[in-house]
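Written below as structure tokens is the structure these notes are about.
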Amino acid sequence: MIHAEPTEMTRLAQGQGFLSLRGLTRRYDHFTAVDDLNLDVAKGELVAFLGPSGCGKTTSLRMIAGLVPASSGHIVVDGRDLTGVAPYKRDMGLVFQSYALFPHMDIARNVAFGLEMRKVPKAEAAQRVKEAIAMVRLTGREHHRPAQLSGGQQQRVALARALVVRPSILLLDEPLSNLDAKLRDEMRTEIRDIQKRLGITAIFVTHDQMEALTICDKVVVMNHGRLEQVGTPHEIYEHPKTAFVAGFVGRINRLPGRASGGVAQVAGITVSAPGFDGPVDVMVRPHRMILSTGPVPADAGLHQLSGTVTRATFAGDILEYEVEAAGTLLKTEASTRGGEALLAPGTPVTLSWRPQDTFVYPAS
Amino acid sequence: MTSLALSHTEPRRLGPLGTASALLLPIAVVNAIGFLWPVVNLLKMSFREAQASGALGAGYNLDTWTNALTDSFTLELITNSVGVSLLITVLTLIASYPIALYLHRSTGTWRTVLMVLVVAPLLTSAVVRTYGWIAILSDRGLVANALMALGMAEPPRLMFNLTGVVIGLTEILMPYMILALLSGFGRLDPRLEEAALTLGASPLKTFWRVVLPLTAPGMALGGLLCFVLAISSFVTPKLLGGGRVFLLATEIYDQAIVTLNWPLAAALSMIVLVVFGISLTLYARALRRIA
Amino acid sequence: MDERPVSPALKIAAGLMFLFLLAPLLVVLPISFSGDDFMAFPPSSWSVKWYGAIFANSVMMNAFWISLALAFVVTVLSLGIGLPAAYALVRLKPPGAEALANLFSAPLLLPTIVLGLALLLVFAPMGLIGSFQGLVAAHLIVTLPYAVRVLSTALANLPLTVEEAAGMLGARPLTVFFRVTLPMMRSGLVSTTALCFLVSFDEVVLSLFMTGPRLQTLPVAMYNHVDQQADPMAAAISVLLVVLTLAVVLVVDRTAGLTRTFVK
Amino acid sequence: MNAAYKFGTLCLLAAGLMAGPAAAETNLTVMAYSGLFQERYTKAVIEPFMKAHPDIKVTFFPLPSSAAMLGNLRAQKAAPQADVVIMDVSVSKAGTDEGLFTKIDETNIPNVKDLYPNARIPSVAGVGVTFDNLVLLYNAEQVKEAPKSWMEMAKAPYKGKVVIPGVPDIQGLGLVLILNKANGGTDYLANVDKGLAAVAEIAPNVQTWEPKPEVYAPIITGQAALGVGYNARAQVNSEQSGGKIKATIPQEGTIFQINTINLVAGAPAADAAKTFVNYALSPEAQKSFTETMFYAPTNSKAEITGAALDRTAVKNLDKVMSVDWIALAQVRDKIAEQWRRRVLPASR
């Protein structure tokens with residue numbers, strides 16, 4: 001139970017974002033789905049909530065939508081505290097993974113529903129419905145039933161339906177998960193374009209890191225109900241704050257080591273590890289490791305490891321290798337741009353990478 | 001509710017629990033007046049004092065129960081009813097199994113047509129169907145006339161006896177059994193049979209070892225359903241029995257409406273409920289063994 | 001599903017059993033056109049006089065109208081009481097919802113002969129025997145469990161997200177219910193209506209306990225008629241009832257799907 | 001017809017049923033025997049009555065036996081549905097004891113003053129409306145000579161060819177009483193063991209204890225050869241079937257059966273009921289019914305043609321054993337129970 005003071009109200013209203021989440025928490029009987037989530041989203045920004053299933057991203061979204069009551073914390077939109085407000089009064093648009101179109105209404109009526117609820121005059125509503133349907137390129141399908149449309153078309157209807165009411169915030173709950181790979185790419189671009197064009201603030205929940213990186217302005221990585229890192233896609237990928245983020249966003253090789261005095265010893269080499277002491281995990285992305293059969297110049301400033309190829313796979317664009325080095329199996333890959341042949345297992349190789357591609361985390 | 005929210009939410013009149021209670025109130029009233037109270041009252045009635053003229057005494061005693069349970073007539077009635085109901089259940093199962101299996105394997109429009117043929121009798125009044133059986137089984141009915149046309153001088157008596165009741169009830173309960181079997185056939189993937197056949201089992205062996213065990217839960221459910229319906233059925237034994245077939249249900253009706261011994265009728269009803277409870281327990285046990 | 005061969009033995013067995021199952025319904029058709037004054041098969045002459053006899057028989061006609069009105073009232077009440085109950089049980093899930101659901105379907109488990117007697121014993125002192133109210137109450141006891149069960153299943157099978165979507169678009173809970181939930185339950189509602197109507201219209205055991213000289217339902221009038229004189233008029237009524245039933249079954253099949261309604 | 005209109009009609013109909021019948025005319029419900037009795041009684045008494053009283057509409061509610069009528073009345077005791085009941089005197093006695101009936105006498109039904117003394121039974125609320133006696137029925141083609149004994153029914157050629165309306169029907173009960181006396185039973189109020197034993201001998205031959213529509217039909221069609229029935233209806237059936245069914249009173253004698261007419265206490269149409277009962281007891285109604293149905297009249301003023309009277313129970317008075325139906329009412333249920341135990345199993 002929260003006893004709000006006017007002062008707290010003021011403080012909340014002064015949050016930096018258009019959408020501010022303050023200490024948002026959802027507890028169930030035996031576990032906490034979302035734990036003390038704090039986030040600011042600027043107007044017109046597209047933010048992705050990324051994480052494995054059960055990380056709390058969908059629960060967070062549903063708390064923002066008002067479909068799940070928050071156990072504690074606040075949701076503030078444009079200075080207005082929406083905590084405890086019924087979903088139908090929040091003026092948000094939500095696009096579901098399952099589309100959730102009204103099966104008994106045609107497309108036009110589906111799209112018009114929100115306007116009807118807002119008692120928009122008939123003529124204006126008709127015009128806006130027409131525009132919204134045109135926006136998602138479904139003109140001519142107005143009188144089809146949802147069941148007569150493909151999955152992609154249905155999702156576009158859902159998008160039009162959510163957007164036609166000009167919601168303050170657009171919420172997208174894994175909107176592309178039910179689509180096949182090719183359609184997913186198309187829709188992703190389309191959603192991004194429309195969102196940019198309308199300048200609408202949007203939250204996009206996904207478990208697909210590629211989707212998150214490519215579509216949004218900002219990524220929120222969540223795990224076990226807690227926020228792991230917030231940042232631009234570039235920050236998240238290049239500077240993962242935690243081992244979890246490093247492992248979840250992109251592939252990773254992990255080498256156990258030990259740190260003391262600002263450096264870590266791992267597999268016979270020394271990497272910079274300021275501020276660490278004790279066991280650490282050193283991580284390097286596979287494609288940042290360069291595989292060479294000959295010697296590597298020692299003065300190139302690269303970290304180096306010698307090993308043996310244990311498995312080699314031809315994958316078209318690239319060659320995938322598994323290399324045993326210092327008792328650890330490491331993944332790496334080589335380009336086929338020069339028509340290189342696949343190395344046979346057992347070939348002795350050297351792996352080298354730039355020091356700035358090395359991430360160090362406390363051992364898990 | 002947080003007081004923060006007050007500027008945007010109107011005060012709720014009812015909490016979710018209050019709303020639920022309000023929505024459930026009508027059915028609770030109907031259930032209490034039309035079910036709970038009458039059943040409790042029925043139990044009470046079985047202990048009321050019965051007088052010779054059929055009127056009710058004011059007091060309560062165990063006479064009805066002691067008389068009923070020590071009376072060979074009542075005991076025979078119970079064993080008879082259970083025996084006849086078991087017989088009907090087995091016959092219904094035998095008659096329904098081929099239909100259910102065939103239905104399970106048919107598809108499309110044909111399946112819909114067959115389903116209509118199964119469901120339509122279910123939804124047709126038992127009186128209508130019993131009347132149909134009178135037309136078939138009576139002395140001037142279809143079977144008797146056909147047999148006489150074939151030269152049989154004295155066709156067997158098929159009505160006004162147990163035979164007629166068993167035939168009629170078996171048919172009347174078949175749709176229940178078929179639907180119960182079908183719901184249990186969900187587990188019967190035809191690929192399993194194909195697998196068994198490719199593994200070298202003969203069709204008969206496949207049926208015995210694969211099909212039958214997989215359909216056992218459906219058979220148990222159908223068996224329970226038909227047994228309970230058979231032991232409580234009354235219209236068909238009354239119309240086809242010619243006053244010579246005595247089952248618990250017909251006896252309850254006679255005691256309640258004709259002989260006017262309400263305490264005895266109530267006690268017999270309780271006995272039906274006990275039989276019902278026992279069969280339910282056996283069913284649960286059988287199901288656990290199968291599963 | 002692809003075609004799978006069905007063995008001839010199964011075909012023959014199923015065919016024979018179907019014949020047995022349908023025999024009583026098939027046999028009433030020729031008898032209803034009997035020209036005889038008593039029931040015999042085959043009839044010695046043909047006529048449609050028994051159909052005329054139904055309409056001339058004021059007892060049967062009265063009983064028919066009473067059954068129709070009764071089934072109508074019972075169906076409306078079953079929906080009116082069953083729908084809120086199903087909604088509460090499925091959507092609001094109050095504590096003990098499962099126990100309540102079991103309690104509400106318990107009357108279905110009670111043999112009708114026992115239920116009939118139980119109702120007789122409490123309704124008789126209240127003067128409800130032979131009254132329309134008494135019949136409505138008795139029928140409700142058996143139709144309500146069907147209604148609650150079918151409607152609960154229909155509700156539980158609805159995707160919740162569609163209702164959430166309506167809420168997100170600004171529809172209030174009551175609007176969501178009437179504009180989205182109810183239309184999506186259409187097939188469940190059709191099934192419930194058909195089931196309640198037919199169960200009430202055909203109910204005979206409870207009605208036998210509840211009816212009186214001034215108020216008889218059609219099945220009771222038919223039962224008495226068959227019990228006292230099994231003449232071909234009963235066959236003519238039977239044919240009309242079978243036609244009515246088939247019509248309802250077809251409507252249900254078209255709108256709700258037969259298998260979904262009656263299996264399980 | 002559009003759906004809304006139909007809906008409205010149904011609603012109105014339902015509302016009407018809830019509110020009870022419209023008050024334009026009085027609805028009178030007469031509960032009595034089904035089958036031939038219903039057919040003839042409607043023609044001979046009810047239709048002339050309705051013609052004379054156009055404001056009263058009589059509905060005949062048929063039931064196969066007096067016992068069923070009593071059950072019906074008892075269930076409706078709190079809110080009676082029937083107004084007038086015609087039933088056997090012993091059952092009427094039970095109903096009287098339970099307060100189901102209003103006492104009939106000269107004060108409320110004037111025609112009671114003309115009734116024969118034996119139609120007025122002090123301990124019964126109703127009064128006698130018909131007299132009849134039990135007969136042995138036989139199919140004239142299958143049984144060439146009138147059987148001399150009731151026990152003819154136990155003989156081998158009639159296996160499966162005997163129809164008897166079983167107890168609690170009075171016909172079955174009467175048979176027990178007759179055979180009880182014939183086999184040396186003295187006090188039927190104490191026990192009817194000998195009678196039950198004799199009927200148990202007949203039981204294996206019995207085709208049905210619930211003949212439909214009545215006991216006469218199967219004998220006329222030849223489905224059954226012998227049966228137990230009432231003289232009055234046997235006479236009508238014999239006439240109608242051109243003599244296919246015949247009735248006789250065997251050497252053991254027969255019993256008298258009295259049907260009483262009763263006013264239901266608290267009946268919805270109590271006044272119309274009195275009018276009807278008075279009419280039913282009037283000389284013209286009694287005459288009409290006797291001449292179409294051959295029940296002996298209970299009104300001494302009824303002037304019956306000799307031919308008709310000869311076919312009624314009156315002619316058989318010498319063969320009748322006396323039965324105290326009132327005293328019997330107390331043991332009726334006991335006999336019924338014994339019947340179920342001792343006679344029915346023998347017929348299975």
Side-chain angles (χ1 to χ4, degrees), chain B residues 16-17 19-20 23-24 26-27 30-31 34-35 37-39 41-42 45 95 98-99 101-102 105 107 112 115-117 119-121 123-129 131-136 140-142 145 171 174 179 182-183 190 228 232 234-235 239 249 252-253 256 262 265 269 272-273 276, chain C residues 1 4 6 10 13-14 17-18 20-25 27-28 31 39-42 81 84-85 87-88 92 94 100 103-104 106-107 111-114 117-122 137 140-141 144 198 202 204-205 219 222-223 226-227 230 234 238 241-242 245-246 249 253 258-259 262-264:
Chain B
L17 195 62
T19 316
L23 294 177
L24 288 171
I27 193 171
V30 173
N31 196 274
F35 175 67
W37 177 42
V39 171
N41 182 65
L42 190 66
M45 177 61 79
I99 293 187
L101 198 58
Y102 184 60
R105 300 212 172 139
T107 50
T112 309
M115 274 304 288
V116 169
L117 293 184
V119 170
L123 299 176
T124 310
S125 175
V127 179
V128 170
R129 292 163 73 200
Y131 175 81
W133 280 113
I134 295 177
I136 294 171
R140 280 175 296 177
L142 179 70
N145 281 340
E171 188 270 343
M174 271 173 72
L179 293 183
L182 271 181
S183 75
V228 169
S232 55
F234 143 77
V235 169
L239 292 179
I252 291 172
Y253 186 77
W262 284 359
S269 297
V272 170
L273 289 188
F276 178 76
Chain C
M1 221 219 261
R4 283 177 203 274
V6 175
L10 177 59
M17 290 311 160
F18 258 117
F20 177 67
L21 175 65
L22 298 173
L25 296 186
V27 82
V28 294
I31 291 181
M39 186 182 69
F41 193 92
I81 298 174
Y87 190 85
L92 306 178
L100 280 176
L103 173 67
F104 295 149
T112 40
I113 185 92
V114 176
L117 177 67
L119 287 174
L120 172 77
L121 299 187
V122 296
L140 262 185
I141 311 293
L144 261 180
L198 287 177
D202 284 341
V204 61
V205 176
M222 268 194 68
Y223 172 85
V226 173
D227 194 27
S238 300
L241 288 182
V242 170
T245 306
L246 272 179
V249 168
D253 184 49
L258 202 61
T259 320
F262 297 110
V263 180
K264 273 188 278 185

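For clarity, every value in this text was computed on a predicted model and none was experimentally measured. In the text below, chain A, chain B and the rest are named by the order of the sequence lines, each starting its count at 1.
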- Can you check side-chain contact (heavy atoms from CB on, under 4.5 Å) on C:I31 and B:Y131, steps first, answer last? CA-CA 11 Å; C:I31 291 181; B:Y131 175 81; 3.9 Å; yes

- Message: Between C:A137 and chain B, with a heavy-atom cut-off of 4.5 Å, which part of the residue counts as in contact: side chain, backbone, both or neither?
- Response: neither

- Query: What part of C:L25 is in contact with chain B, defined as an atom under 4.5 angstrom from a non-hydrogen atom: side chain, backbone, both or neither?
  - Reply: side chain

- Show your working on side-chain contact (heavy atoms from CB on, under 4.5 Å) between B:F234 and C:V204 and close with a plain yes or no. CA-CA 10 Å; B:F234 143 77; C:V204 61; over 6 Å; no

- Contact class of C:L103 relative to chain B, heavy atoms under 4.5 angstrom: both

- Message: Looking at every heavy atom in both C:L10 and B:P98, which two are closest together, and how far apart are they?
- Response: CD1-O, 3.6 Å

- Do you know which of B:L42, B:I27, B:L24 has the most heavy-atom pairs with chain C at a distance under 4.5 angstrom? B:I27

- Task: Could you tell me the separation between the CG atom of C:D202 and the CG atom of B:L123, rounded to the nearest 0.5 Å?
- Result: 7.0 Å

- Greatest number of heavy atom pairs closer than 4.5 Å to chain B - which of C:P111, C:P219, C:P42: C:P111

- Which answer fits C:L121, side chain, backbone, both or neither, if we ask what part of it has an atom under 4.5 Å from a heavy atom of chain B? both

- Task: Side-chain contact test, heavy atoms from C-beta onward, threshold under 4.5 Å: evaluate it for C:P24 versus B:E171 and give yes or no.
- Result: yes

- Task: Please look at B:Y102 and chain C and tell me whether the side chain, the backbone, both or neither of the residue comes under 4.5 angstrom of a heavy atom of that chain.
- Result: both

- For residues C:A14 and B:I99, report the shortest heavy-atom separation together with the two atoms involved. O-CG1, 3.9 Å

- Note on the structure: Checked B:V30, B:L142, B:N41 vs chain C; the most non-hydrogen pairs under 4.5 Å come from B:L142

- Distance (rounded to the nearest 0.5 Å) between B:L117 CG and C:L246 CG: 8.5 Å

- Message: Using a 4.5 angstrom heavy-atom cutoff, name the option from C:L140, C:V205, C:L117 with the most pairs to chain B.
- Response: C:L117

- Message: Counting heavy-atom pairs closer than 4.5 Å to chain C, which one of B:L101, B:V128, B:I252, B:V228 comes out on top?
- Response: B:V128

- Task: Pick one of side chain, backbone, both or neither for C:L21, based on which atoms fall under 4.5 Å of a heavy atom in chain B.
- Result: both

- Query: What heavy-atom pair brings B:A95 and C:M17 nearest, and what distance separates the two atoms?
  - Reply: O-CG, 3.0 Å

- Note on the structure: Ranked by heavy-atom pairs below 4.5 Å to chain B, first place among C:V122, C:L92, C:L144 goes to C:V122

- Query: Taking every heavy-atom pair that is under 4.5 Å apart, which of B:V272, B:V39, B:L273 has the most such pairs with chain C?
  - Reply: B:L273

- Measure the spacing between OG1 of B:T124 and CG of C:L22 and express it to the nearest 0.5 Å. 9.5 Å

- Quick one: closest heavy-atom pair of C:Y87 and B:L23, and the distance? CD2-CD1, 4.0 Å

- How far apart are the closest heavy atoms of B:G132 and C:V27, and which atoms are they? O-CG1, 3.4 Å

